[in-house]
Number of protein chains: 2
Amino acid sequence: MTKLTGDLKGKRVAMVCGVPMDVENCPVRDVMDNIGGKWNSLMILSLADGALRFSQLRRLIPDISQRMLTQTLRDLQRDGYIHRTVYPTQPPSVEYALTDLGRSLLGLLKHFVDWSVENHGAIRSAREEYDAEA
Amino acid sequence: MTKLTGDLKGKRVAMVCGVPMDVENCPVRDVMDNIGGKWNSLMILSLADGALRFSQLRRLIPDISQRMLTQTLRDLQRDGYIHRTVYPTQPPSVEYALTDLGRSLLGLLKHFVDWSVENHGAIRSAREEYDAEA
DNA sequence: GCATATAGTCTCTTTTTGAGACTTGCTCTT
DNA sequence: AAGAGCAAGTCTCAAAAAGAGACTATATGC
C-alpha cells in the first residue's frame, strides 16, 4: 500500500502512505505542525458550537495562559481555520469563529475525539503496564 | 450537538462534542498530548508498512535527532502504540512495530493525511493572505 | 470611588527540543 | 593488524517554546 522510497524533484525521498515525506515540502507535516500544537485542536473543538470571544475561550479552557491563547488564535487565523471579527463596542469585543476550512477540519477532529474516548482505557492500561516494569 | 457546560463529579466543567474537557480527566487531551507531539504521528505513519529498526527510522526521518527519536519511541511504546523487540544479534538490533492499537490509530491518521493533501493549497493561500496584511 | 470587564502585551522563569559528541563490542576493509 | 564503520542508544550544552502573571487603557455597574 505504501512504498518506503519515492522520487520527488529528482531527490530520493521517503514515502508515507503514498505521500512524499520530503522535509521541506510535505503537506502532512505542514498541516500537522499547525494543528498538532498543544492547544490548536482543542481550540477548534471549542469553537464547534459557534463563535466565542477571547474571554469566553479563556474561561472555557481554564489552563491556557493568555499568552498562548493569543498565539494559538493567531496561528489558527493565519492558516485560515478561524475568522476574527472585531465589534466596535466599548470596550471592543472580538469574536472568533470557524471558517469553512475550520469546520472541515472539525469533522476529522470529531472522529479523533470518538477514537480517544473508545481507546482511552487501553492506553491507560498500556501505560500502567509499562510503568510497572520500571 | 454539543453543550458548553456539563457536570462531572459535581464539578461544573466545559464539554466539547459531548466529552467533558475537565483538565485532569479528559481522554481527548490525554490521547492528544501523546500523539499530538511533533514526531509521534509521523513515527506511526512510518511504521505503517512494517517493523523498522532504530537506524532505519533515523534514515527515514532525517531531521529527527537521536535524542528525540529515542524519546518518541519510548512514549509511543509506553502508550501501547508500538512494540519493541530486541534481537540478540551482535550488535543487538532492535525492531519497532505497530501494535493493534497503533494500527487502529493509523487508520485515523491516514484520513488525516488525505485531508492534509486535499487542503494544503487552501491553507497556503490563507497564510499568504494573512502575511500580506502585515 | 472601587471593583469589574474588555483584549490583549510584556517580562521572567521553566520546560522542551535540537545538535552533536561519546560509548561498547563486533565486523569489514586494507 | 590497524583503522573505519555500524548497532542503539546516552549525555551535555545551547536554543527555542511554553507558562505565570503583572500591566495597559477605557468604560460600566454599584
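Proteins get letters first, then strands, A, B, ... in listed order; numbering begins at 1 in each.
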Just the rounded figure in Å: distance from [atom2] of [N] to [atom1] of [X].
X: Leu73(B); N: dA8(D); atom1: CG; atom2: P; answer: 11 Å
X: Gln77(B); N: dA8(D); atom1: CD; atom2: P; answer: 14 Å
X: Met68(A); N: dA20(D); atom1: CE; atom2: P; answer: 11 Å
X: Ile82(A); N: dA7(C); atom1: CD1; atom2: P; answer: 13 Å
X: Leu69(A); N: dA18(D); atom1: CG; atom2: P; answer: 14 Å
X: Arg58(B); N: dA7(D); atom1: CZ; atom2: C1'; answer: 10 Å
X: Trp39(A); N: dA17(D); atom1: CH2; atom2: P; answer: 18 Å
X: Leu52(A); N: dT6(C); atom1: CG; atom2: C1'; answer: 15 Å

Fill in: Donor-acceptor pair present, Arg53(B) side chain and dA7(D) base, under 3.5 Å
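Checked by distance alone, the answer is no.
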
Across the strands shown, which category fits [X] at heavy-atom distances under 4.0 angstrom: base, sugar-phosphate, nothing?
X: Gln66(A); result: base
X: Ser55(A); result: sugar-phosphate
X: Tyr87(A); result: nothing

Discussion item. Does a side-chain N or O of Lys38(A) approach OP1 or OP2 of dA17(D) to a distance below 4.0 Å, or not?
Written reply: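 Answer no for this pair, as no side-chain N or O of Lys38(A) is under 4.0 Å from OP1 or OP2.
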
Nearest to the [X] side chain among [options], which nucleotide is it?
X: Gln90(A); options: dA19(C), dA27(D), dA8(D); result: dA27(D)
X: Ser93(B); options: dG8(C), dA21(C), dA7(D); result: dA7(D)
X: Arg74(B); options: dT9(C), dG9(D), dG18(C); result: dG9(D)
X: Arg59(A); options: dA7(C), dT6(C), dG18(C); result: dT6(C)
X: Arg67(A); options: dC10(C), dG9(D), dT6(C); result: dC10(C)
X: Phe54(B); options: dT9(C), dA18(D), dG9(D); result: dG9(D)
X: Gln71(A); options: dT10(D), dA18(D), dG8(C); result: dA18(D)
X: Tyr96(B); options: dT9(C), dG19(D), dG9(D); result: dG9(D)

Cationic N near anionic O, under 4.0 Å, [X] to [Y]:
X: Asp30(B); Y: Arg127(A); answer: yes
X: Asp63(A); Y: Arg58(A); answer: no
X: Asp33(B); Y: Lys38(A); answer: no

Worksheet item: Atom CH2 of Trp39(B) and atom CD1 of Ile44(B): how far apart are they, to the nearest 0.5 Å?
Response: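 Reported value, rounded in 0.5 Å steps: 14.5 Å.
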
Worksheet item: So among Leu76(B), Leu69(B), Thr70(B), which one has a side chain to side chain contact (heavy atoms under 4.5 Å, CB included) with Thr72(B)?
Response: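 Only match with Thr72(B) under side chain to side chain contact (heavy atoms under 4.5 Å, CB included): Leu76(B).
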
Worksheet entry | Pro91(A) or Ile64(A), whichever maps to the more 5' nucleotide of DNA chain D |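 Of the two residues, Ile64(A) wins.
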
Worksheet item: Quick one: on DNA chain C, does Gly37(B) or Arg84(A) contact a more 5' nucleotide (nearest heavy atom)?
Response: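 It is Arg84(A) whose nearest nucleotide is closer to the 5' end.
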
Worksheet item: So with a 6.0 Å cut-off around CZ of Arg103(B), is the heavy-atom count from everything else above 12?
Response: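 Counting neighbours around CZ of Arg103(B), more than 12 heavy atoms of other residues, nucleotides or ligands fall under 6.0 Å, so yes.
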
